[in-house]
Amino acid sequence: MSKYRAIVVYNVCGIRGMERMDKYLDHIESLLRQEHDSFRVVVSGCLNTSHCKRLLPYGSENLKKKGLGDRVSYNWITARVPVGTSFNHSVLQAVKEFGPAEGYVYVDSGVDCGFPGMLAKMDERRVEGNAMVHVHVDEDTGFEWLGVH
């Protein structure tokens, strides 16, 4: 069994060359501030630049200075794969390192978890017997393609 109840996979992608380091670091920090008793953040990066691979861990050093600890791991994927594949690969790598967790959470790089109780609320729903829990995002929902805002 993992020493973590939840593995939170934060997905970043360098395929289109539109990496947003400032947002990534802010959003990772918002994840680390979640009020949950046992989780690990795994950054899952697909075809990211060497700049990103250097800066995100450096940024994590700054997070340590803020008292957020050493709670981030990295899985850099060097092939162009679908997001589901990169998520699964990152989960498998986390399981190898930490053992199986009770739950796995996918977080898109555009998600800022401003509500510090989000992860705990999701975990409550999972414990109630839900196999999958989904949280809506403010932007990029796909609803806009249907004319729904």
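Residues take their numbers from the sequence shown, with the count starting at 1.
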### Task
Check whether any side-chain heavy atom of V43 sits under 4.5 Å from a side-chain heavy atom of N75, and report yes or no.
no
### Message
With rounding to the nearest 0.5 angstrom, report the CD to NE2 distance, Q34 to H36.
### Response
9.0 Å
### Query
Heavy atoms, side chains only, cut-off 4.5 Å: are E19 and V12 in contact?
no
### Message
Does any part of the side chain of S86, heavy atoms only, come nearer than 4.5 Å to the side chain of N11, both counted from C-beta?
### Response
yes
### Message
Could you report the tightest heavy-atom contact between R33 and R71, atom names first, then the distance?
### Response
N-NH2, 4.3 Å
### Message
Do the side chains of R126 and D123 get close enough for a salt bridge, i.e. N-O under 4.0 angstrom?
### Response
yes
### Summary
Output for pair (D37 CG, R5 CZ), nearest 0.5 Å, gives 4.5 Å
### Query
With a 4.5 Å heavy-atom cut-off, do V81 and C46 have their side chains touching?
yes
Indicate every side-chain donor-acceptor pair of residues 103-121 with a distance under 3.5 Å to a residue at least two apart or in another chain.
| unit_1 | atom_1 | unit_2 | atom_2 | d |
| --- | --- | --- | --- | --- |
| Y104 | OH | A101 | N | 2.8 |
| D108 | OD2 | G110 | N | 2.8 |
| D112 | OD1 | S30 | OG | 3.1 |

### Query
Does a side-chain heavy-atom distance below 4.5 Å link H27 with E29?
no
### Query
Should S44 and W76 be marked as a side-chain contact (heavy atoms from CB on, under 4.5 Å) after you check the CA-CA gap, both sets of side-chain angles, and the distance that decides it?
CA-CA 6 Å; S44 177; W76 302 115; over 6 Å; no
#### Entry: F39 and I7, any side-chain heavy atoms less than 4.5 Å apart
no
### Message
Checking R20 against D22 for the side-chain contact (heavy atoms from CB on, under 4.5 Å) test, could you report, in this order, the C-alpha distance in whole Å, the side-chain angles of both residues, the deciding distance, and whether it holds?
### Response
CA-CA 6 Å; R20 296 284 314 269; D22 56 334; 3.7 Å; yes
### Query
Which value, rounded to the nearest 0.5 Å, describes the distance between T85 atom OG1 and I77 atom CD1?
8.5 Å
#### Entry: Minimum heavy-atom distance between N48 and G14, given as atom pair plus value
ND2-N, 3.4 Å
### Task
Determine whether the aromatic ring centres of Y4 and F98 lie less than 6.0 Å apart.
yes
### Task
Drop me the distance from E97's CD to R40's CZ, to the nearest 0.5 angstrom.
6.5 Å
### Query
Is the closest side-chain heavy-atom distance between Y74 and P57 below 4.5 Å?
yes
### Task
State, to 0.1 Å, how close S90 and V9 come at their nearest heavy-atom pair, and which atoms those are.
CB-CG1, 4.1 Å
## Note on the structure
Residues joined to L47 in its hydrophobic cluster, side chain to side chain under 4.5 Å directly or through other members, sorted by chain and number, are I15
